[in-house]
> 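Right, I'll just put the structure down here and ask away after.
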Amino acid sequence: MGDDIREEMLKLAKRAKEVCPALAKLSTEVKNAVLREVAKRLREQKEHLKEINSQDVALAQSLGHTKAFLDRLTLTDKVIEAMAKGLEEVSALPDPVGEIVKMWRRPNGLLVGRMRIPLGVIFLIYESRPNVTIDSAGLCFKSGNAVILRGGKEAVRSNLALAEIFRAVLRDFGLPEDAVQVVPTPDRQAMEYLLQLEDYIDLVIPRGGEALIRFVVEKSRIPVIKHYKGVCHVYVDEEADLDKAIAICVNAKCQRPGVCNAMETLLVHKKIAEKFLPRLAKEYEAYGVELRGCPKTLSILPNAKPATEEDWYAEYLDLILAVKVVSSIDEAIEHIVKYGSNHTEAIVTENYTKAMKFIQEVDASLVLVNASTRFNDGGELGLGAEIGISTTKLHAYGPMGLEELTTTKFIAFGDGQLRT
């Protein structure tokens, strides 16, 4: 690595660390005002942002990227408005910093508690979703953290433009603009060097494909929160409302297939498969969904392709769906245990006992009953925007909102107590 890049990354990390004390003590009112102003300017500058983004999209198209990739890369009016609303939602949420989570009194009279504090410097690595720039900057700022953003080379213009809006607002408020920084080079060596700076960076969050995340985990000397992939299942039970199940399965697969909480495998109870699958296949045909099924599925849907062992592990991020007919809820759960990724799992059933069994026995960051897997999202779950979805369990499991970007320190109030 060139010494100039190494020095530039070290300076960037140091600047982030230096602003942390100032961020940690900002008032809630100031933080909320900044977030609302950034939202306002996003709306005011949306045509400018779309123009810059169109350059990134055009380059990605020329390089032959997939439709799903281009979908994640494109800044539309809807996406920009979602970013602005996300910031406003975050501004309306309680500020976790300084919250006393709980307190208890010891026999000696010492009052002990835990207080939420920022994590420090967050290094976020992501690929082709420029909206992540704003979502993450907003969450980190509200939770008192500095953030270093390293997006994919395909979105570099968009990311810089979005971050500059945030930085300009910080300057206008007399606050340190280095609370939000973008790695200015797409050079992977720059990212590798940042991953070694454990004295300045407190947490790494990679968002993107499995290959990127495994690369980050391998190279980092800093704790990493991540999920490798989203192999999400919907199990349609024999006691499901089939109309409800049809709508849920279509939404889970087709509403936005290129995201980590889209359904990748459908499990259907054998007692309803012959009635349910042809109806669902007809709905999927209108969306162009390719079905890959087990032998029982193929006997019901002869136009489906045979599923291989690899299909049960696959995260397609496309209009492709693996389908398996199972004999019981226990078989469905066993399949999820073997092939799932601890991301998102759903059951469709009208049987309360089975619903609770599924919730209790399925290990995933979100388990749903009679709802689409697409709800595993910070905004949809009431967190405002999210910085990512964790399947690591330490220290967060599921969408990471404001509280997940804090930790707690112990505090104690005494009256002269001494340890004996």
> Got a donor-acceptor contact below 3.5 angstrom from the K324 side chain to the W312 backbone?
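Such a contact is absent between K324 side chain and W312 backbone.
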> Report yes if the side chains of L368 and F358 come closer than 4.5 Å at any heavy-atom pair, otherwise no.
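The answer is no; the side chains never approach within 4.5 Å.
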> Just to verify, which of R15, R150, R167 counts as forming a side-chain hydrogen bond (donor to acceptor under 3.5 Å, both in side chains) with Q181?
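It is R15, the one option of R15, R150, R167 that forms the side-chain hydrogen bond (donor to acceptor under 3.5 Å, both in side chains) with Q181.
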> Does anything in residues 202-232 form a ring-ring contact (aromatic ring centres under 6.0 Å, His included)? List the pairs, not counting sequence neighbours.
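The answer is H227-H343.
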> Can any side-chain N or O of N53 pair as donor or acceptor with the backbone N or O of S158 at less than 3.5 Å?
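Between the backbone of S158 and the side chain of N53 there is no qualifying donor-acceptor contact (under 3.5 Å).
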> Using the side-chain contact (heavy atoms from CB on, under 4.5 Å) criterion, which residues pair with I52? Sequence neighbours excluded.
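Result, side-chain contact (heavy atoms from CB on, under 4.5 Å) vs I52: H48, R157, A161.
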> Kindly indicate, with the supporting measurements, whether the criterion side chain to side chain donor-acceptor pair (under 3.5 Å) is fulfilled by S143 and N145.
CA-CA 6 Å; S143 55; N145 297 289; 2.9 Å; yes
> Would you find a donor on one side and an acceptor on the other, under 3.5 Å apart, between the side chain of S220 and the backbone of V217?
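No.
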> Measure the CG-CD1 distance between D377 and I389 for me, rounded to the nearest 0.5 Å.
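Interatomic distance, D377 CG to I389 CD1, rounded to 0.5 Å: 6.5 Å.
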> Excluding sequence neighbours, so at least two apart, what forms salt bridge (Lys or Arg N to Asp or Glu O under 4.0 Å) with E315?
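Per chain and number, E315 pairs via salt bridge (Lys or Arg N to Asp or Glu O under 4.0 Å) with no residue.
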> What residues form a side-chain contact (heavy atoms from CB on, under 4.5 Å) with V132, not counting sequence neighbours?
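L124, Y126, R129, S136, R207.
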> Show me the pairs that pass ring-ring contact (aromatic ring centres under 6.0 Å, His included) and involve residues 233-263, at least two apart or across chains.
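Non-adjacent pairs meeting ring-ring contact (aromatic ring centres under 6.0 Å, His included): H233-H335.
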> Pairs in or reaching into residues 378-420: which pass ring-ring contact (aromatic ring centres under 6.0 Å, His included), with residues at least two apart or in two chains?
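Listed by first then second residue: nothing to list.
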